Amino acid sequence: MIKAVTGAKDILPNDIPKWYFIEELIRNFFSNYNYKEIRTPIFEETAVFSRAIGEETDIVSKEMYTFVDRSETSITLKPEMTAAVVRAYIEHSLGNLQSLNKLFYISPMFRQERPQAGRLRQFHQFGAEAIGGLSPLLDAEIIIIAYSIIQKLGLKEFVLKINSLGIPESREKYKVILGDYLKNHFDELSEESKKRFHKNILRIFDSKSPEDQEILKNAPYLINHLDENSIEHFNIVKTILDNNKIPYEVDPALVRGLDYYTHTTFEIVSGSVGSQSALCGGGRYDNLIEQLGGKPTPGVGFAAGIERLILAMENEAVPFNEPSPLDVFFVLLDKDKYLLIPKFANLLRNVGLKVEHDYLQRSIKAQMREANREKTKFVVFVGGDEFTRNLFTVKNMSDGVQTEIPIEDSLSSLITMIKGN
RNA sequence: GUGAGCGUAGCUCAGUUGGUUAGAGCACCAGGUUGUGGCCCUGGGGGUCGUGGGUUCAAUUCCCAUCGCUCACCCCA
């Protein structure tokens, strides 16, 4: 049997209401905060991601879907959105249209990792990028939006972690300090961390190995080696979160695996989705736009994984909106009158009602069963003796009460019945 | 990329210590007297028992390989 590619999943009709529920909530939220939607292509020139995210990161070095197309261009399916948004921002000079662009997106992403609970090769993220402002108001707003959406979805088991990476200058100084400390413990580090020691020393903080964690306990933390401005920036972010009653933990070991972050970084971690627990992550990236060839422009953003949110909601038994029931189901009593059905059904559909009927010449019993399965409010019987008297029989499915209505008046009668129900 | 577990109907699973037409529940379809649902009853369709090879008179059941799925490592949304 031919199947979907590993790590790529069909979203079947039964699950669609969950997606609508989340997507609607997201769009409303971003609308309230005046973020404008942006849609970028599903693929980009590979350099967009390799330059933005960092050549040494796992995403770039081993997880991207990269191929050479027929014109010999290296193409990559987008593994994350920030780099793509920044590319579009620069290409279309969005910064010239207004000094601050508040953007959001909902989009599929692609990373070739081994699938597991909460991890797919094609997955979906929504997120936001506020490009053009240095203010900690924006860092806080981004965090508040991410937190509030997750809260509004009905989730309870999650924690917000924040940290500051400061500016590159203080980070470089700190790396030397961290290096001096770790040098004395180098032999005790895990193999992976030994590699990181040379490639990207900060990422050693991501290690889950107990030996590494033991060593890191007494390590100097970046947050204690920030410059004055970075400290001030971080303090304001925290104050705004406090004022908005957003609970958080400062996690000095929160580093994150993308190279472009400066100042604030944050993550929202779920306690109900298994080992892939990050629901959401983001932070400030003040050097990225320049790095990709734009004018020096600060930015801050986040991304959240929709599949993980759905998983968390299922595991926490959070209710989703039910699909709306049918207003009317036409049951055909006399098979030879089937041509009448579309005419009446479409009249109702054109005034905004949800209407269904049988297409398979099924028995009355079968038609009724389907009407019941679809949680129909009213069944209209077409045919029979009442038809010769110019009447329809209408049955209210919740109480079983039947009434006869004149055919020529059926539209308004039905609307009245449905509205009153 | 590494490791572990699992692959029998659309779904959840039984079962065969190798042997005649492979089962249940749910779902689906058709009936249960003369035009009507949700409960109940009867019947029906649907499986090359993941795939390929081997052992055997005989394999879905044993062996090997392979593919896939799941979870974990890793990384991250």
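What you are looking at is a predicted structure, and each value in this text was computed from that prediction instead of being measured. We use all heavy atoms of the structure for the numbers below, so side chains are in, but hydrogens, waters and symmetry mates are not.
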* To do: Classify the nucleic acid contact of K375(A) as base, sugar-phosphate or nothing, counting any heavy atom under 4.0 Å across all strands shown.
  => nothing
* To do: Answer yes or no: side-chain N or O of R369(A) and base N or O of C28(B) forming a donor-acceptor pair under 3.5 Å.
  => no
* Under a 3.5 Å cut-off for both distances, is U66(B) Watson-Crick or wobble paired, and to whom? -> G50(B)
* Asked: For the base of U36(B), is there a side-chain donor-acceptor partner from K365(A) under 3.5 Å away?
  -> no
* **A77(B) pyrimidine/purine six-ring stacking with F123(A), under 5.5 Å and 30°** => yes
* Asked: Touch check for R111(A), heavy atoms < 4.0 angstrom, all strands: base, sugar-phosphate only, or nothing?
  -> base
* Reckon G400(A) touches a base, only the sugar-phosphate, or nothing at all at heavy-atom distances under 4.0 Å? -> base
* Side chains of Y35(A) and E141(A): is there a donor and an acceptor less than 3.5 Å apart? -> yes
* Does the distance from a Lys or Arg side-chain N to an Asp or Glu carboxylate O, for R87(A) and E45(A), drop under 4.0 Å? -> no
* Asked: What nucleic acid atoms does G118(A) come within less than 4.0 Å of, heavy atoms only: base, sugar-phosphate, or nothing?
  -> base
* Assign D385(A) to base, sugar-phosphate, or nothing according to its heavy-atom contacts below 4.0 angstrom with the strands shown. => base
* Can you tell me the Watson-Crick or wobble partner of U56(B), both distances under 3.5 angstrom? -> none
* Counting any heavy atom closer than 4.0 Å, what does E63(A) reach on the DNA or RNA strands: base, sugar-phosphate only, or nothing? -> sugar-phosphate
* Touch check for T6(A), heavy atoms < 4.0 angstrom, all strands: base, sugar-phosphate only, or nothing? -> sugar-phosphate
* Asked: Looking across every strand, which nucleic acid part, if any, lies under 4.0 Å from A371(A) by heavy atom: base, sugar-phosphate, or nothing?
  -> nothing
* Please tell me which of the listed nucleotides, U36(B), A77(B), G35(B), lies nearest to the side chain of K395(A)? => U36(B)
* Check every strand shown and say whether R119(A) touches a base, only sugar-phosphate, or nothing at a heavy-atom separation below 4.0 Å. => base
* With sugar-phosphate meaning primed atoms plus P, OP1 and OP2, does I306(A) contact a base, only sugar-phosphate, or nothing at under 4.0 Å between heavy atoms? -> nothing
* **Side-chain donor/acceptor of E374(A) to base of G37(B), under 3.5 Å** => no
* Determine whether any donor atom in the side chain of K62(A) lies under 3.5 Å from an acceptor atom in the base of G1(B), or the reverse, and answer yes or no. => no
* Consider only side-chain N and O atoms of D409(A) and S412(A), and report whether a donor and an acceptor are under 3.5 Å apart. => yes
* U51(B) versus G47(B) - spacing of their C1' atoms, nearest Å -> 15 Å
* Any R362(A) side-chain nitrogen or oxygen under 4.0 Å from OP1 or OP2 of U36(B) -> no
* Asked: What about Q367(A), does its side chain sit under 3.5 Å from the base of U36(B) through a donor-acceptor pair?
  -> no
* What integer distance in Å separates Q112(A):CD from G1(B):P? -> 8 Å
* Asked: What is the pairing partner of A30(B), taking Watson-Crick or G-U wobble pairs with both distances under 3.5 Å in any strand?
  -> U42(B)
* Asked: Of the nucleotides G1(B), C69(B), U36(B), which one has an atom closest to the side chain of R114(A)?
  -> G1(B)
* Between C57(B) and U16(B), how far apart are the P atoms? Round to whole Å, please. => 25 Å
* Asked: Just checking Q122(A): base, sugar-phosphate only, or nothing, at a heavy-atom cut-off of under 4.0 Å?
  -> nothing
* **Mate of C76(B) where both pairing distances stay under 3.5 Å, Watson-Crick or G-U** => none
* Asked: Roughly how far apart, to the nearest Å, are A24(B) and G46(B) at atom P?
  -> 14 Å
* Polar side-chain contact Q116(A)-C74(B) base: donor and acceptor under 3.5 Å -> yes
* Asked: Does E314(A) come within less than 4.0 Å of K18(A), counting only side-chain N to carboxylate O?
  -> yes
* May I ask you to check whether R349(A) and N346(A) show a side-chain donor-acceptor distance below 3.5 Å? => yes
* Asked: Are any side-chain N or O atoms of N101(A) and backbone N or O atoms of Y89(A), one a donor and one an acceptor, separated by less than 3.5 Å?
  -> no
